[in-house]
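Here the structure is laid out as structure tokens; the discussion comes afterwards.
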Amino acid sequence: MNIQLVRHATLLIEFHNQRLLIDPICSPEGSMDPVPDVPNTHKNPLVNLTVPLSTLLEVDAVLLTHLHRDHFDPEAARLLPKNLPVFCQPEDTEAIQAHGFRHVSPVSSSLTWEGITLHRTGGQHGSGEMAQRMGPVSGFVLEAQTEPTLYISGDTVWCPEVKQALHTHTPDVVVCFAGGAQFAEGPPITMTSTDILHVSNCAPHARIVAVHMEAWNHCRLSRSELRTFADANDLSSRLLIPEDGDIITFMA
């Protein structure tokens with residue numbers, strides 16, 4: 001299994017001889033408005049693509065955790081081939097079809113495609129009232145006979161749904177959408193350093209990959225801050241913090 005961090009939550013995953021594109025944002029650097037009322041006022045995305053756009057468009061399927069613009073932007077909706085299989089949470093099916101995609105498969109619980117079983121997991125995009133305002137989000141677990149079990153958290157904080165996913169699926173690799181994203185008011189809406197520590201403690205045998213950092217203006221947690229936290233909390237041997245463009249290989 002190869003996991004390439006393209007940018008933010010956009011991943012290219014080679015899994016069971018298939019190339020999966022996760023949460024694509026294809027817009028150039030600085031072409032989208034910033035999230036308002038946060039310290040960083042730069043336009044989004046904060047960095048450019050590290051992978052040629054043509055590479056992102058030559059995949060076997062697309063997996064969308066949810067439809068916020070930092071996970072599926074208008075450029076991705078416009079450019080991706082409309083005959084690609086797209087897997088998503090049920091709530092997003094009609095909106096994706098409205099962009100012209102013809103093979104949209106909502107994952108209610110689990111489904112199998114090309115020898116890969118996808119399980120949908122829950123999450124909370126924030127806490128309390130904020131999570132309700134942010135709408136439904138999902139994570140996904142990918143399983144195949146030839147591969148390590150992979151859990152992609154989606155946009156969530158540490159919560160009972162994440163704990164349940166870790167206990168149910170015992171993943172070998174966990175991709176955490178980190179960044180400690182936060183608005184001017186309210187708690188973080190994606191994982192903080194402490195949330196990742198909770199994941200590590202709950203899944204002591206898993207390798208953890210932290211993404212969703214330094215590419216969108218409301219993400220407060222930097223890679224360097226997370227590395228410092230990892231060193232201080234005995235996480236460094238299991239926590240991987242890739243730079244944009246890095247490829248990580250995991251063996252079954």
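- In this structure, the salt bridge (charged side-chain N to carboxylate O under 4.0 Å, His left out) partners of Glu214, at least two apart in sequence or on a different chain, are Arg223.
- Gln4 contributes atom CD, which lies 8.0 Å from atom OG1 of Thr55 (distance to the nearest 0.5 angstrom).
- Open room surrounds NE2 on His42; 12 or fewer heavy atoms of other groups in view lie less than 6.0 Å from it.
- No donor-acceptor pair closer than 3.5 Å links the side chain of Ser200 to the backbone N or O of Ile196.
- Panel note: side chain Asp246, backbone Leu5; no donor-acceptor pair is recorded below 3.5 Å.
- Residue Glu243 qualifies as enclosed at atom CD: its count of foreign heavy atoms under 6.0 Å is above 12.
- For the pair Leu20 and Leu142, the minimum side-chain heavy-atom distance is below 4.5 Å.
- Atom OG of Ser153 sits about 12.5 Å away from atom CD of Glu161, to the nearest 0.5 Å.
- Two residues are said to be in side-chain contact when any heavy atoms from C-beta on lie closer than 4.5 Å; Glu58 and Arg19 fail this criterion.
- Within a 6.0 Å radius of CG in Asp37, other residues, nucleotides and ligands contribute 12 heavy atoms or fewer.
- Under a cut-off of 6.0 angstrom, the local environment of CG in Asp234 is sparse, with at most 12 non-hydrogen atoms contributed by other residues, nucleotides or ligands.
- Judged purely by atom type and a 3.5 angstrom limit, Asn44 has no side-chain atom pairing as donor or acceptor with the backbone of Met32.
- Under a 3.5 Å cut-off, the side chain of Asp23 and the backbone N or O of Thr65 do form a donor-acceptor pair.
- His205 contributes atom NE2, which lies 11.0 Å from atom CG of Asp172 (distance to the nearest 0.5 angstrom).
- Within the 3.5 Å criterion, the main-chain N or O of Val6 finds a donor-acceptor partner in the side chain of Thr50.
- Distance check, rounded to the nearest 0.5 Å: CG of Leu235 to CZ of Arg227 gives 13.5 Å.
- With Thr190 contributing its side chain and Ala178 its backbone, the two residues share a donor-acceptor pair below 3.5 Å.
- Looking only at atom types and distance, the side chain of Asp155 has a donor-acceptor partner in the side chain of His71 under 3.5 Å away.
- For the pair Thr156 (side chain) and Gln124 (backbone), a donor-acceptor distance under 3.5 Å is present.
- Remark: the backbone N or O of Arg120 is not paired with any side-chain donor or acceptor of Ser138 at under 3.5 angstrom.
- With hydrogens and angles disregarded, a donor-acceptor distance shorter than 3.5 Å links the side chain of Arg7 to the backbone of Ile25.
- Looking only at distances, no side-chain donor or acceptor of Asn2 sits under 3.5 Å from a matching main-chain atom of Ile13.
- Between His99 and Phe72, the angle of the ring planes goes over 60°, which puts this pair in the perpendicular group of the 30/60° scheme.
- Side-chain atoms of Glu143 and His119 form a donor-acceptor pair, as typed in the model, at a separation below 3.5 Å.
- Ring pair His218/Phe183 is tilted by interplanar angle, where 30° to 60° counts as tilted.
- To the nearest 0.5 Å, atom CH2 of residue Trp216 and atom CZ of residue Arg69 are 5.5 Å apart.
- With rounding to the nearest 0.5 Å, the separation of CZ in Phe15 from CG in Leu63 is 11.5 Å.
- Residues Val157 and Met191 come closest through the heavy atom pair CA-CG, 4.3 Å.
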* Check the pair Cys176 / Asp195 against side chain to side chain contact (heavy atoms under 4.5 Å, CB included), numbers first and verdict last. => CA-CA 9 Å; Cys176 290; Asp195 291 332; over 6 Å; no
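- Other residues, nucleotides and ligands place more than 12 heavy atoms under 6.0 Å from the NZ atom of Lys82.
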